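Before any comments, here is the structure.
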Amino acid sequence: ASDIGAPCAPWQHQSQFIPIRHDMNRRQFLASVSAAAVLPLPGFAGQTPLKLKAETVSQQILPEGEGTTAMLGFNGSMPGPEIRLKRGARASIEVENGLEEGTAVHWHGIRLENRMDGVPVLTQDLINPGDSKTYSFVPPDAGTYWYHSHYISQEQVARGLMGPLIVEDDAPLDLDHDITVILSDWIIDEDGSLVDEFTDMHSVAHAGYMGNFARGFLSRSEVQQGDRIRLRLINAATNRIFPLSISGVSGSVVALDGMALRQPRAASDLVLAPAQRADLIVDVTGPVGFDMPTRQEPYRLAELSISGENTDRQSGPPPTLAAPDLPAPGAPSQHLTLTMMGGAMGGRHGGANIWSFNDVSDLPDAPFAAIERGETVRITFVNDTAFPHGIHLHGHHFYELAADDSLGDLRDTTLVAAGESRDVLCVFDNPGRWLIHCHMLSHAIGGMRTWVEVT
Ligand code: C2O
Ligand code: CU
């Protein structure tokens, strides 16, 4: 049995029918710890506001020595620079649009003011080419988040408009390194060019745009044997679920979707749906490998090499994260059901588009639910389709409920296997218009999105 809250077999099934170029993977393995594997340094020193410019970039995605890839990025790089914020302190981030089309940036998982949520039409106008918008918010929770385009996101995120967003702990933990690992996948030709299949109807109706090449970008390339490190894993892929196995470390998962777990748990069977995050605190026992199990050999996504040994590190219990500070759920005053419908295989109908919630595709004019600020709401997500879906609620975290209704993990994105359902409990304490959508971004554009209004 998995202790991450979901059986891993269905996700492994997903990676079985998704081709990955194993030959390229081997070359990546040989070319590992190339400069290209390292995330750009923040480089924001002293800037107020922080400046992010969306623009075209040329990135080494394939192993060093192979072709570069024309993509989108921020400040010249893909992924965009790591943003580090202080919990409880106002952050201002100016986004300049250097693209030839509109854009908007969503700060995924941050419980922020609705008008800063970055959702075109629902919460803001598009940032037009040449224009800028300053986002300003106070991040209430320390943890691992990310930012990404929320405009034609199945394409703009796939092209590279995303990056890590870290809200630092109030007091630094006793660790040797804090390392971000952001994962994604892309369809790339032999010459390095990105294949424009972002709205391919066949993939939209199935598991979504799925890369033939996947990799992680790390904020650091080396550690010492014996180091105690924090790993912040972010799945920034548009559609791929990453089952992960991490070698060369011993330790545990301490947070999911930014929120500290009540009890650390084993890192075996770790599964990240698109947009999900996991934080681990581990001791380094050897070269660290991040692998995705597949039906063939494991696929290496990233690695950390060893340089020397840390002999100063005292063993002892790992540091603990501050508990999340969210309102406690009361008795639910509404019970909503959102049934995922549509898609290929099984011939189920699904609204006017390819996918739907409750037979309604795309954003309805009226909210799916009207909720009074502070209400606790139970939502049952029913997956009546042949594919897994990772459902994301904006502006809030919710508790996954166990079979006996006890409170499970706090999440902002929950993975629901085909044919299964998940109950969650959410205290809607954040006023505004909030999206709920599948974070398989091909499914979102295919219709699987709705919204609620909290007043
Ligand atoms: Cu991370 Cu509506 O998205
Ligand atoms: Cu989906």
Side-chain angles (χ1 to χ4, degrees), residues 10-11 14 79-80 103-112 114 116-124 144-154 156-158 161-165 182 184 203-210 234-241 257-258 272-277 338-346 348 350-351 353-357 361-363 381-397 411-422 432-452:
W11 332 127
Q14 188 203 38
T103 196
V105 177
H106 172 57
W107 317 94
H108 183 114
I110 305 283
R111 299 184 300 129
L112 42 55
N114 190 245
M116 296 298 161
D117 200 38
V119 181
V121 187
L122 204 62
T123 71
Q124 69 164 85
T144 302
Y145 302 91
W146 65 300
Y147 60 94
H148 62 81
S149 161
H150 216 295
Y151 176 61
I152 49 172
S153 52
Q154 83 288 350
Q156 288 195 346
V157 177
L161 288 183
M162 53 84 166
L165 172 57
I182 187 163
S184 194
S203 70
V204 169
H206 290 75
Y209 169 98
M210 199 66 65
I234 302 168
N235 182 356
T238 47
N239 293 278
R240 181 180 292 279
I241 298 165
D257 290 359
L272 291 182
Q276 290 186 325
R277 291 88 64 210
L338 271 178
T339 303
M340 301 156 227
M341 302 168 75
M345 292 154 76
R348 300 170 173 93
N353 202 334
I354 294 171
W355 298 96
S356 74
F357 282 123
S361 294
D362 304 314
L363 287 193
F381 294 113
V382 180
N383 185 346
D384 188 22
T385 80
F387 296 88
H389 303 284
I391 306 298
H392 173 46
L393 165 66
H394 280 222
H396 300 79
H397 275 65
R411 307 225 59 148
D412 59 47
T413 304
T414 187
L415 181 54
V416 189
E420 297 194 351
S421 69
R422 166 142 314 108
R433 299 144 72 91
W434 302 107
L435 279 186
I436 300 178
H437 64 92
C438 182
H439 220 292
M440 276 77 169
L441 297 175
S442 301
H443 295 167
I445 195 65
M448 199 182 282
R449 52 209 169 95
T450 191
W451 64 291
V452 298

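All heavy atoms count here, side chains included; hydrogens, waters and symmetry mates do not. Fair warning: this is a prediction, and the values are worked out from it, not measured in the lab. Remember, it's 1-based here, ligands and their atoms both numbered in the order they're listed.
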Any side-chain donor near an acceptor of the partner, S442 and N239, under 3.5 Å: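 Side chains of S442 and N239: pair found under 3.5 Å.
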Protein N/O/S atoms closer than 2.8 Å to the Cu ion (ligand 2):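 Counting only protein N, O or S atoms under 2.8 Å from the Cu ion (ligand 2), the list reads H389 ND1, C438 SG, H443 ND1.
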Point-to-point distance, once rounded to the nearest 0.5 Å, from NE2 of H108 to OG1 of T413: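 One gets 3.5 Å once the value is rounded to the nearest 0.5 Å.
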Any chance you could measure H150, atom NE2, to L161, atom CG, to the nearest 0.5 Å?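 Those atoms lie 13.0 Å apart.
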Which count of protein N, O or S atoms is obtained for distances strictly below 2.8 Å from atom 2 (Cu) of ligand 1?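 Near atom 2 (Cu) of ligand 1, the number of protein N, O or S atoms below 2.8 Å is 3.
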ring-ring contact (aromatic ring centres under 6.0 Å, His included) partners for Y147, two or more places apart: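 Partners of Y147 under the ring-ring contact (aromatic ring centres under 6.0 Å, His included) test: F74, W107.
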Parallel, tilted or perpendicular: rings of W355 and H443 (30°, 60°):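 Rings of H443 and W355: tilted, 30 to 60°.
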Parallel, tilted or perpendicular: which fits the ring planes of H439 and H437, with parallel below 30° and perpendicular above 60°?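 Rings of H439 and H437: tilted, 30 to 60°.
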Specify the closest pair of heavy atoms between S149 and T103, including all atoms of both residues, with the distance to one decimal.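 What the structure gives for the nearest pair is OG-OG1, 3.6 Å.
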Does any part of the side chain of M448, heavy atoms only, come nearer than 4.5 Å to the side chain of I391, both counted from C-beta?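 Answer yes - side chains close enough.
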Checking D257 now: which residues fulfil salt bridge (Lys or Arg N to Asp or Glu O under 4.0 Å) with it, not counting sequence neighbours?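 By the salt bridge (Lys or Arg N to Asp or Glu O under 4.0 Å) rule, D257 matches R277, R411.
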